[in-house]
Structures are given as structure tokens and as C-alpha cells.
Protein chains: 2
Amino acid sequence: MLTPERHARILELLQANEVVRLQQFVDATTSSESTIRRDLAQLEEERKLKRVHGGAALLKGKRDEQTVAQKSTKNLQEKRKIAQLAAQSVQPGDCLYLDAGTTTYEMIPFLTVEDLVVVTNGISLVNTLLEQGVQTYLLGGAVKPNTHALIGRGALTSMQSYRFDKAFLGTNGIHLQHGCTTPDPEEAMIKEQAIALAGEAYVLADPSKFHEVSFARFASLEEVRIITCEEKEIDLSSFQQHSKLEVVTS
Amino acid sequence: MLTPERHARILELLQANEVVRLQQFVDATTSSESTIRRDLAQLEEERKLKRVHGGAALLKGKRDEQTVAQKSTKNLQEKRKIAQLAAQSVQPGDCLYLDAGTTTYEMIPFLTVEDLVVVTNGISLVNTLLEQGVQTYLLGGAVKPNTHALIGRGALTSMQSYRFDKAFLGTNGIHLQHGCTTPDPEEAMIKEQAIALAGEAYVLADPSKFHEVSFARFASLEEVRIITCEEKEIDLSSFQQHSKLEVVTS
DNA sequence: CATATTTTGATTGTTTATGATTGTTATTGG
DNA sequence: CCAATAACAATCATAAACAATCAAAATATG
């Protein structure tokens, strides 16, 4: 049986049964225990299921995670490392703003300190935040269909009720002259205001974003801390002069 | 029996019985006392129940609230009929408010007219609304962990930017003297304001809600239209005198 | 066709969940 | 208020489940 077939069969069994033990998967796929374990590990990475001792269970909030889950298979390891580094800046009692996006999403499992309050404009983050037991606030506003981010006037005005210790933002481009940019001007406005309302603003960017420029600018290099992981092709030293830079040594 | 199965069984027993002895859990799950104790400790940590000497009890705030998943399997056919009737009142170009809740959720597939705008405080509704191609706005505010509804000051203030042609609301109790009631005062405030901002307010209630009273009142019978389906045990004529009543003949 | 890479299943220590046992704490009835 | 009793938390041994490792098989590549 081929890997995608097995994965499909596993998810199918889970849809039907909510909780399934390892041996059932073995019987259903005529594969070994080891293979099933590997499959389960992988599917958990992709956030398609939750492993439990003795088998696997369906994720509770499966409904609006799908789009995020698909995206997050790409560069997942890099993103997770960056996310982990970013999460280390968080202190007990902090009030955070988390941008909608896959990198910020990956931060959530690492947000383990006590007494956090998180404000976000990403509907997809809410479920996971609540499962972590984090007190969660959502901005209001128009829902952007493909990303499920909240944007527009409503989002801007409802953000004004909050102040943040730290804001964590994703980006599409980081450039020496043009700063941080993103394709959607609406989202750029939100990011810009989040930076203004935050004591410290962190931009999370994997190496592919450097020297890229997108349409709408939301920050200069000077006003944010950039968190990334190192890559030999990219020379980060030029950025170091303009911005506070934190790099994961992978 | 796997851990999530046990946890589910424990919570299920609690929903049915309000307060349950340790031995009942042991019998129901065929596990040892020690294991149940560990489970209870963990579930209390997750704020799913309250441990008491001799067993466990439901959290007070959650007394008559169930998770969305549990609710939505119950009375589904009835709810769907009510939802369908409610959706018939919707006209092209309308701007609607949809309450968070399972009955309002069931309305979405029937919202097939053109040019709708929907505002809601229910995160769970967003996905399905977008799939229907409806322009969707979400209120801001605190996210209520079990129901994923947006509540609190943030939700109230962000609602003030909108005006609705029609508001559709769920309820837990409908009573001749006490009007419409719901367990959570925070949610009641939201519902109340939605009614104030709407040209017409509709309350969707299956027959089990009649003559019931919950904690927080959000409307009198006079100011809303009630949509329900008929049931022989319940005499709706007394309600007819106080309120506009629409009944599905199932 | 030979070689490199990936996937698989068996084997191995290691970790985890469980149920029994222990001593400790809370409740109850006199 | 105190003793009796029930419920509790803590500890421990064990068995099940686990991750890590490795060699064989399947697959891909030059």
C-alpha cells in the first residue's frame, strides 16, 4: 500500500471513529506497526490528527484549519524554528499581538508561559490558542475569504482598544531600501497599527523573504526586530546594520 | 480504553448527571480508581469539570451549555426545519446579524439570495458563510473557549459600527413572563444589542425551549418574532398573544 | 545495468500509562 | 471535639506503547 493511500485510509478511519488504536490502523492497511507510527508522526506534524498513547484521535477544531494546514507543509521546519526562537522572547504575563499567518501560527505550541493574553486578527489561530489555554481576543472586521484574516476599518478600530507588550508579524518581503512589505494594503495597515501599539515589534521571516519586495509597505527595518534562520546563500550582514536581527543557528 | 475515549465518557456522564461519583466513572470506563483520579485531575486542569470530594461536578458556568459538537447532533432535523423557515424571511441585499449557535449555523445553507452581507459573533459560522460566497464580517472581542463565540466589551463596541435589516438569534429559554433567556450574561448583552440595532429580530427556538427559563434575559416576547416548529405536547397559543409567532408545520 | 536513495518491517532499549499499595487528608456521626 | 471511615495523593512495579536503529526490500537515478 502506497503512502498517500495509507494516509487517506488513516484519516478516513479517524473521521468515522473519532479515536482509533494503532492495531486498527495496522489491520486496515496491512502495514507494520513501525510504518503506521511513522505515518502518525507525519500526519501529526501536518496537523491532520492528534496522536494519543495507544493510537490517534481526531483534532477537535478541524473545521477552519484546513487552509492553514495545507500551506504549512512548505518550509515547515524552518518556520517552526523561527517560531520557536520568537516565542522565547515571550515572558509570563505578556500581552501579545499575533498576526494572521502560518509562521505566527507555528509559534502557538511554544507559547507555554503563564498568564498570556493574545490578540490576533487570524481566525485560524483561535482554535489552537484556546487548546493551549491561552486567553484569546479576536479583532473584528471583514473576513478575507482565502486567508481568514480580519481586515478593514472594523479591524483597525477594534485594535485601538488594546496595547501590546510585543507584536509578532509575518511578512512577504524584507528589503534594505523598502523595508517590510506584504501584498495586501489592507493587511499592511493592520500590521502598521499593530507595530504602533506594541512595545516591541518582531517580524518573522524565513530566508526566502530577504531582498524581496511586495506591494504594500508596513514597516522600516529600524522599527522592528527581525527573526530568521541562517542560510548560506543569503548575506544577512547588510541587514544587521539597519535592524536588530535574531538568527536561529540551525 | 484510550485516554480521549475515557475523557469523553467522563464528560458525557457529567452532562447527563450534573455530579457523578468516582465509582460510576470506574464502572463506566472499566478502568481503575487511580486512572480515573488522574483523568479528573487533568480535566480539571483543562477547566472541563470541577473535582469534588467523592467524584466530580460540572462547572457552574457550563451547567446547561454543551459543546457545539454535542448540541449539533441533537434535534438536528427540527433545527434544520426552523432554520429553513427563518431563511425564507431573508431578501436580496439584506444585511443580517447571525448569532453564534447551532440553529443559526443551520440557516447558512439556505441563505441563497444575492448580495447578502452577514455580521456574526460566531467564529464557527465564518467558514461555511464564506463557502456560500457570503460577504462576512466578524465582531471582535474575547473568545469564549467552549463555544467560540465573541463576547465582552470588544464585541459590543465593534457591533456599534453596524446596522442590520434582520437579526437571527438562538435562545435557551422562552417564557411568558420572563421572555427570552440564555445562560451567559455576556452573550445576553450581545443579543440585546443586536436586537436594538436590527430592523427586525427573529428568535429561533425548538419546542424544548418553551416554558424554560435560563439565567440572563435578553428580550421580551413583544420585541421579537419567534420561529419554531409545532409539537403536540406544547400549547403555543398562549405565546401567540404576546409575540409574533411563525411555526413550521412538520 | 549498476548504484544511490527511499521506504519498509524487525529489533532494540526507553518511556509512558496503568493499577495496586501505601500513608495522608478530608468528611461524617456520635 | 474526636474517632471512624471514606476519599485522597504519592509511590512503585509492570506491562504496554513508544522512539531509535538497522538491515532488507523497493524504488529511483545515472
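Protein chains get the first letters and strands the later ones, always in sequence-line order, with residue 1 at the start of each.
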Output all residues satisfying salt bridge (charged side-chain N to carboxylate O under 4.0 Å, His left out) with [X], sequence neighbours left out; order by chain, then residue number.
| X | value |
| --- | --- |
| A:Arg21 | B:Glu5 |
| B:Glu44 | none |
| A:Lys166 | A:Asp94 |
| A:Arg37 | A:Glu33 |

Does the side chain of B:Tyr105 come under 3.5 Å of the side chain of B:Ser124 through a donor N or O and an acceptor N or O?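 Checked: B:Tyr105/B:Ser124 side chains show no N/O donor-acceptor pair below 3.5 Å.
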Not counting sequence neighbours, which residues clear side chain to side chain contact (heavy atoms under 4.5 Å, CB included) with [X]? List them please.
| X | value |
| --- | --- |
| A:Asn172 | A:Thr182, A:Pro183, A:Ser214 |
| B:Glu212 | none |
| B:Ala100 | B:Asn121, B:Ala149 |

Find the distance between CG (A:Leu59) and CG (A:Asn127) and round it off to the nearest 0.5 Å.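 Answer for the CG-CG pair, A:Leu59 versus A:Asn127, is 9.0 Å.
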Taking only heavy atoms on the protein side, list every residue of residues 27-35 of chain B lying under 4.0 Å from any atom of DNA chain C, sorted numerically.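 Hits under 4.0 Å, by residue number: B:Ser31, B:Ser32, B:Ser34, B:Thr35.
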Describe the nucleic acid contact of A:Val52 in one word from base, sugar-phosphate, nothing, applying a heavy-atom distance below 4.0 Å. sugar-phosphate
Should the ring pair A:Tyr202 and A:Phe168 be called parallel, tilted or perpendicular, given that the plane angle runs from 0 to 90° and is split at 30 and 60?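 Ring orientation of A:Tyr202 relative to A:Phe168: parallel.
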Boundaries of the DNA chain C segment in contact with chain A, non-hydrogen, under 4.0 Å: C:dT8 to C:dA17
For the helix from C:dC1-D:dG30 to C:dG30-D:dC1, figure out the bend between the end axes, five pairs an end, and round to 10 degrees.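 Comparing the first five pairs with the last five, the axes sit 40° apart.
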Could you pull out all residues at least two apart from A:Thr35 that satisfy side-chain hydrogen bond (donor to acceptor under 3.5 Å, both in side chains)?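 In terms of side-chain hydrogen bond (donor to acceptor under 3.5 Å, both in side chains), with neighbours along the sequence ignored, A:Thr35 is linked to A:Ser32.
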Range on DNA chain D touched by chain B, heavy atoms, distance below 4.0 Å: D:dA7 to D:dA9
Greater than 12 external heavy atoms within 6.0 Å of A:Phe218's CZ: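 Yes.
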For B:Arg217 and B:Thr181, the nearest pair of non-hydrogen atoms, with its separation, is CA-CG2, 3.7 Å
Which is more 5' along DNA chain D, the nucleotide nearest B:Arg21 or the one nearest A:Ala41? Just name the residue. B:Arg21
